[in-house]
Amino acid sequence: MGKKKRTAISPTRSENYPEWYQQVVRAAELAETSAVRGCMVIKPWGYALWENIKAGLDGMFKATGHVNAYFPLFIPKSFLEKEAEHVEGFAKECAVVTHHRLEEGPDGGLVPAGELEEPLVVRPTSETIIGATYAKWVQSYRDLPILINQWANVVRWEMRTRLFLRTAEFLWQEGHTVHETEAEALEETRKMLDVYETFAESYMAMPVLVGEKTEGERFPGAVSTLCIEAMMQDGKALQAGTSHFLGQNFAKASEIQYQSREGRNEYAWTTSWGVSTRLIGGMIMTHADDDGMVMPPRLAPQHVVLMPVVRDEADRDAVMVYIEEIAEALRSMKVFDRLIEVVVDDRDIKPGEKGWSWVKKGIPIRAEIGQRELDEQSVFMARRDTGEKEGVSRDLFVSEMTKRLELMQADMLERAKAFRKAHSKEIDSMEDFKSFFTMQDEEYPELQGGFAWSHWCDGAACEEKISSELAVTIRLIPFDRDANGSGACVVCGGASVGRVVFAKSY
RNA sequence: CGGGGCGUAGCGCAGUCUGGUAGCGCGGUUGCUUUGGGAGCAAUAGGUCGGGAGUUCGAAUCUCUCCGCCCCGACCA
């Protein structure tokens with residue numbers, strides 16, 4: 001075994017992190033680039049993951065009193081113009097529909113015809129179109145609250161795209177709620193952030209920090225933006241979900257008014273909150289390794305693969321019967337309220353290639369079963385996250401599967417937490433701050449810094465200075481900021497009531 | 001939108017400078033030998049060299065033009 005260790009993904013994380021990411025997406029068959037610039041094809045394995053994410057979140061939305069609805073893909077340009085900051089934030093990345101017909105052109109091709117009186121914008125987000133609808137629905141305080149979510153695609157014409165992390169079109173959910181009072185809307189904003197936090201940690205096994213964005217990082221048009229931020233394996237932060245308190249800004253822009261209990265006309269208070277297919281990118285960069293994807297069992301498209309190993313064709317039938325018995329036993333069991341999903345892979349391809357294909361896809365448990373196992377009434381299994389391989393009795397393989405998958409889920413969260421802890425640091429001087437973000441680890445050149453917990457004076461100038469000099473931004477202001485002690489701003493030395501989190505980001 | 005690069009087989013590329021039969025690796029298919037963590041040998045299929053125009057006896061190669069993509073900058077879930 002003097003052979004050099006070969007990884008399934010090349011380059012490795014330490015060699016070239018961004019390229020490693022692209023290779024994992026491809027090798028795990030999660031998605032690929034499409035004929036349309038900046039848009040992705042989400043492949044069945046990746047889409048199944050998204051479906052599981054959807055199912056989990058949707059259940060949590062319903063449990064907090066929300067219902068689903070669907071609003072149009074197209075937004076009249078004039079709607080977008082109603083909220084000044086909102087326009088400014090999104091105008092540069094809007095796809096615009098100007099015609100409604102194609103006609104044969106002079107050189108045989110098709111040319112747009114039938115110009116629209118008013119151009120339609122393909123939704124980059126739906127505050128304005130939903131606001132216009134809500135304005136009609138809301139008359140009285142008795143109509144409130146409105147608690148609606150929609151699952152949809154949106155388009156943001158990005159210059160630079162990366163599969164799942166930033167594409168021109170992506171899938172997401174956007175919740176849009178209307179409330180009678182400011183306090184209720186604030187509570188809603190915070191409640192949905194808590195939903196996201198819970199989902200990230202207990203479903204995705206991805207630890208997140210929660211807090212509020214600075215003014216500069218806020219959603220265009222929002223009064224405040226709350227967020228969950230996760231640390232990727234290169235030490236960068238990923239904004240994984242946001243929940244916005246919109247105050248009365250959009251209510252005023254869309255004329256969402258109601259008659260109050262006192263009989264006065266009042267503007268309502270609104271919120272919006274969303275997570276997208278970007279979560280998949282976060283899962284990859286949290287859990288995947290140099291052999292490809294590692295699926296957290298709770299969201300894995302399938303949990304277990306059983307691979308027949310047949311040396312002598314005469315054994316085949318008996319081995320297959322043995323495998324089907326095991327598969328059936330597993331399929332009647334549950335993990336995280338889902339039936340355990342088992343795939344029997346009897347494709348006629350090389351055993352090595354078959355095994356590696358499942359490693360790369362990140363299936364939690366894979367097992368090789370042949371005549372030897374049949375004779376011993378055992379199973380030879382491997383656990384994807386740790387790489388541990390062992391022969392276990394058939395009975396234990398089956399009876400402990402739920403426990404095994406739950407343990408794996410818990411271990412993945414713990415490892416991610418440990419990684420974040422190892423790459424987080426309280427930093428109090430500009431010198432240390434700079435060196436933290438320019439760290440050159442010979443073993444891991446892509447990894448620079450992580451989360452720096454430093455004091456900040458709340459000044460936009462200090463935030464901007466760090467951003468332009470080091471490409472480091474304030475990812476969030478913790479809710480319990482003052483609990484970690486006051487100090488001096490790491491940039492200007494001014495008074496700070498507590499630390500905030502600085503990091504490079506996606 | 002600025003600066004740089006690339007379009008040749010399903011994928012990755014050589015060939016272009018210096019014009020002369022369309023190549024290599026991987027993958028695919030078939031057969032045989034193999035099979036307990038990425039097998040070997042052999043045969044075989046597969047291309048409008050991004051599109052158009054031009055120069056030439058002859059263009060992947062030279063010229064012009066259009067199109068697309070990638071990288072680096074300014075913006076972003």
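Numbered from 1 within each chain, the chains take letters A, B, ... in sequence-line order.
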field: Whole angstrom value for the distance that separates C1' of B:rG36 from CG of A:Leu374
entry: 15 Å

query: Taking the six-membered ring for Trp, are A:Trp269 and A:Phe245 parallel (under 30°), tilted (30 to 60°) or perpendicular (over 60°)?
result: parallel

message: Measuring only the P atom in each nucleotide, how far is B:rC49 from B:rG7? A whole number of Å is fine.
response: 15 Å

Donor-acceptor pair present, A:Glu373 side chain and B:rG36 base, under 3.5 Å: yes

task: Looking at every strand, decide which applies to A:Thr167 at a 4.0 Å heavy-atom threshold: base, sugar-phosphate, or nothing.
output: base

query: Charged N to carboxylate O below 4.0 Å: is that the case for A:Arg372 and A:Asp315?
result: no

statement: 5'-most contact on RNA chain B (nearest-nucleotide basis), A:Tyr506 vs A:Gly355, goes to A:Gly355

- request: Return the value, rounded to whole Å, for the distance between atom CD of A:Glu169 and atom C1' of B:rA77.
  value: 14 Å

message: For nucleotides 66-75 of chain B, give me one character per nucleotide, 5' to 3': B if any protein heavy atom sits under 4.0 Å from the base, S if the only such contacts are to the sugar-phosphate, - if neither.
response: ---S-SS-BB

field: Pair A:Asp385 + A:Arg415: basic N to acidic O under 4.0 Å
entry: yes

query: Whole-Å distance between B:rU34 P and A:Lys350 NZ?
result: 15 Å

message: Please pick, from B:rG38, B:rA77, B:rG37, the nucleotide with the shortest atom-to-atom distance to any side-chain atom of A:Lys360.
response: B:rG38

- prompt: What class does the angle between the rings of A:Trp172 and A:Phe170 fall in, given that below 30° is parallel, 30 to 60° is tilted and above 60° is perpendicular?
  reply: perpendicular

- prompt: Reckon A:Lys354 touches a base, only the sugar-phosphate, or nothing at all at heavy-atom distances under 4.0 Å?
  reply: nothing

Distance, C1' atom - from B:rG3 to B:rU8, rounded to whole angstrom: 27 Å

Whole-Å C1' distance, B:rG46 and B:rG27: 12 Å

message: Looking only at the side chain of A:Arg372 (C-beta and beyond, no hydrogens), which of the listed nucleotides B:rG36, B:rA39, B:rG37 gets closest?
response: B:rG36

- line: The residue among A:Phe199, A:Phe219, A:Phe61 that forms ring-ring contact (aromatic ring centres under 6.0 Å, His included) with A:Trp273 is A:Phe61

task: Flag the pair A:Arg316 and A:Glu313 as a salt bridge only when some basic side-chain nitrogen lies within less than 4.0 angstrom of an acidic carboxylate oxygen.
output: yes

query: How would you label the contact of A:Val275 with the nucleic acid (heavy atoms, under 4.0 Å): base, sugar-phosphate, or nothing?
result: nothing

statement: In whole angstroms, the gap separating P of B:rU34 from CZ of A:Arg311 amounts to 11 Å

- request: Map A:Gln371 and A:Gln239 onto RNA chain B by nearest heavy atom, then report which one ends up closer to the 5' terminus.
  value: A:Gln371

Pair A:Thr473, A:Ser467: side-chain N/O donor-acceptor within cut-off below 3.5 Å: no

query: Quick one: do A:Arg475 and A:Glu217 make a salt bridge, cutoff under 4.0 Å?
result: yes

statement: Answer for the Watson-Crick or wobble partner of B:rA39, both distances under 3.5 Å, is B:rU33

message: Just to be sure I understand the rule, does A:Phe90 reach a base, reach only the sugar-phosphate, or reach nothing, if contact means heavy atoms closer than 4.0 Å?
response: nothing

statement: For B:rU18, the nucleotide meeting Watson-Crick or G-U wobble distances (both under 3.5 Å) is none

task: Compare the aromatic ring of A:Phe170 with the six-membered base ring of B:rA77 and state whether they stack according to the 5.5 Å and 30° rule.
output: yes

- prompt: Picking from B:rA77, B:rG38, B:rU35, which would you name as closest to the side chain of A:Trp356?
  reply: B:rG38

- prompt: Whom does B:rU44 pair with, Watson-Crick or G-U wobble, provided both distances fall under 3.5 Å?
  reply: B:rG28

Nearest-angstrom distance, C1' atom, B:rA59 to B:rG50: 16 Å

message: Mind checking if A:Thr242 touches a base, just sugar-phosphate, or nothing, with heavy atoms under 4.0 Å?
response: nothing

query: When rounded to the nearest Å, what value does the distance between C1' atoms of B:rG52 and B:rC67 take?
result: 10 Å

task: Using atom NE2 of A:His86 as one end and atom C1' of B:rA77 as the other, report the distance to the nearest whole Å.
output: 14 Å

task: Please measure how far the C1' atom in B:rG19 lies from the corresponding atom in B:rC11, and state the result in whole Å.
output: 29 Å

query: Starting at CD of A:Glu19 and ending at P of B:rG12, how long is that distance when rounded to a whole Å?
result: 12 Å

message: Under 4.0 Å, heavy atoms only, any strand: does A:Leu165 hit a base, just the sugar-phosphate, or nothing?
response: base

query: How far does the P atom of B:rC32 sit from the matching atom of B:rG20, given to the nearest Å?
result: 44 Å

statement: Applying the 3.5 Å cut-off to both distances, the Watson-Crick or G-U partner of B:rC75 turns out to be none

Short N-O contact, A:Glu325 and A:Arg394, less than 4.0 angstrom: yes

task: Name the closest nucleotide to the A:Lys389 side chain, picking from B:rG38, B:rU35, B:rG37.
output: B:rG37

- prompt: Do A:Arg190 and A:Phe479 meet the cation-pi criteria used here (NZ or CZ under 6.0 Å from the six-membered ring centre, within 45° of the axis)?
  reply: yes

query: What nucleic acid atoms does A:Ala240 come within less than 4.0 Å of, heavy atoms only: base, sugar-phosphate, or nothing?
result: nothing

query: Between B:rC57 and B:rG10, how far is it from one C1' atom to the other, in whole Å?
result: 37 Å

